[in-house]
Amino acid sequence: MSAAPRGILVTGAAEVATLAGGLRRGGAQDDPAIAPLGTAVACLGGLIVAVAAEPEARDALAAALAAIGASPDAYDVVDATGGTVTPGLVDPHTHLLFGGTREAEVPLRQRGASYLEILAAGGGILSTVASTRAASDQELLAHGRRWLNEMLRHGATTVEAKSGYGLDTATELRLLAIAGRLAAEGPVDVIPTFLGAHAVPSEVRAAHPDIAAATEAYVSTVIAEQLPAVAAQGVAWSVDVFCETGVFSPDQARRILRAARDLGLEVRLHADEMAPSGAAELAAELGALSADHLGSPSPAGIAALAAASGRARPVVAVLLPTVPWFLGQDLREPARELVEAGVPVAIGTDFNPGTSPVPNLPLAMSVAVLRLGLTPTEVLVAATVNAAAALGLADRGSLEPGRRADIVVWDVPTHAQLPYWAGADLARVVIAGGKQILVRTR
Ligand SMILES: [Zn+2]
């Protein structure tokens, strides 16, 4: 017989930012939906049962416990005194699973080495592919657990994880299966995305006369071999393509993502990170869940995303501002322009070994405030309810009855201080899927 579940009551917060009311865009992105002072959050069985004045929340929790035959006082109290309570953060874009590290590229870049010079020195994405193929399942699992734990300590309770460092069918499937295993282990929920079209693997490049022919051949393999295997095994929720000048063209991305749709998978894009290629337009055309990076979308691309934002399910712009920051580039995603055009904006870390080894979503929120001109509230919306929408998840990202019990108590009196203490460890308590995970005493 398993023990009856215990409830949790989070009380005493200086501020409860509920983010209630779903995805936000335009001026509404600056609304945190702060609950009245004295609001408590009650949870049971992995779900939120009440967000209400403390006496009401206690009554609702006692009633919910009684309804399952448990004692009405079978709950733990989480003391949030002086703190801010928000939904658990959602990181909508990471490359969680990889072998090896690439710190050697940092001094090369400081000396002005180009991308091609870094490749010639044995760096770049294909070096990560070689290390990942060579890593055992146990090594990749241990790596995944370590960095998910780090993300959790910074308040992330849901983390998207792309494949894309295998680039052959067996390794791509292995990465997605490991992401699924990490999701099953918890406490962080891991959402796997298939990114076979991340780069052209070196063995395919070597077998063709030029990069154009090799890219075409690899696109055919992704469509004919990798996608059907991913769909048959049910190991990914969505499919991503690195659509960028010199990588995969919008035409190639369209073919891959249409094939993914035909197999019942959702689609998203690495879009216009470095130069406008038509990827933002393609995301709008396909009704993708998200268009990610958007360092250099064309005006037509922004207009297309804006036009799509009126749909029942808009395309979410997922900005990854730690990438140009880590690379020492001046490039800044047009965050204000996107917000003002009515496009819902989310923020992710793009955690990866080459361009953003950043397992700290609040730090990405700080960079978004400092470099992109978003407000503290806009970045909180971007890392909760809008990030959940970018993953197609309606069951999290806000504190409302019926949502997953993913909750963070932060050691600051207002959410406006989350991006302000840049890089700090601010999470006091993290509740993930109804389990109280991290308790940091002050
Ligand atoms: Zn990425």
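Numbering of ligands and ligand atoms starts at 1, following listing order. The residues of the chain are indexed from 1 along the displayed sequence.
Minimum interatomic distance between Pro353 and Tyr165 (heavy atoms only, all atoms of both residues): CD-OH, 3.5 Å.
Using a 4.5 Å heavy-atom cutoff, the side chains of Arg205 and Ile211 are in contact.
In summary, the side chains of Glu244 and His270 do not present any donor paired with an acceptor at a separation below 3.5 Å, with no hydrogens or angles considered.
Rounded to 10 degrees, the OD1-metal-NE2 angle spanning Asp350 and His93 at the Zn ion (ligand 1) equals 80°.
At a threshold of 2.8 Å, the Zn ion (ligand 1) has a backbone or side-chain N, O or S atom of His270 nearer than that distance. Here Asp292 does not reach the Zn ion (ligand 1): none of its N/O/S atoms is less than 2.8 Å from the metal.
Considering Arg25, Gln29, Glu378 in turn, Gln29 is the only one that fulfils the side chain to side chain contact (heavy atoms under 4.5 Å, CB included) rule with Asn386.
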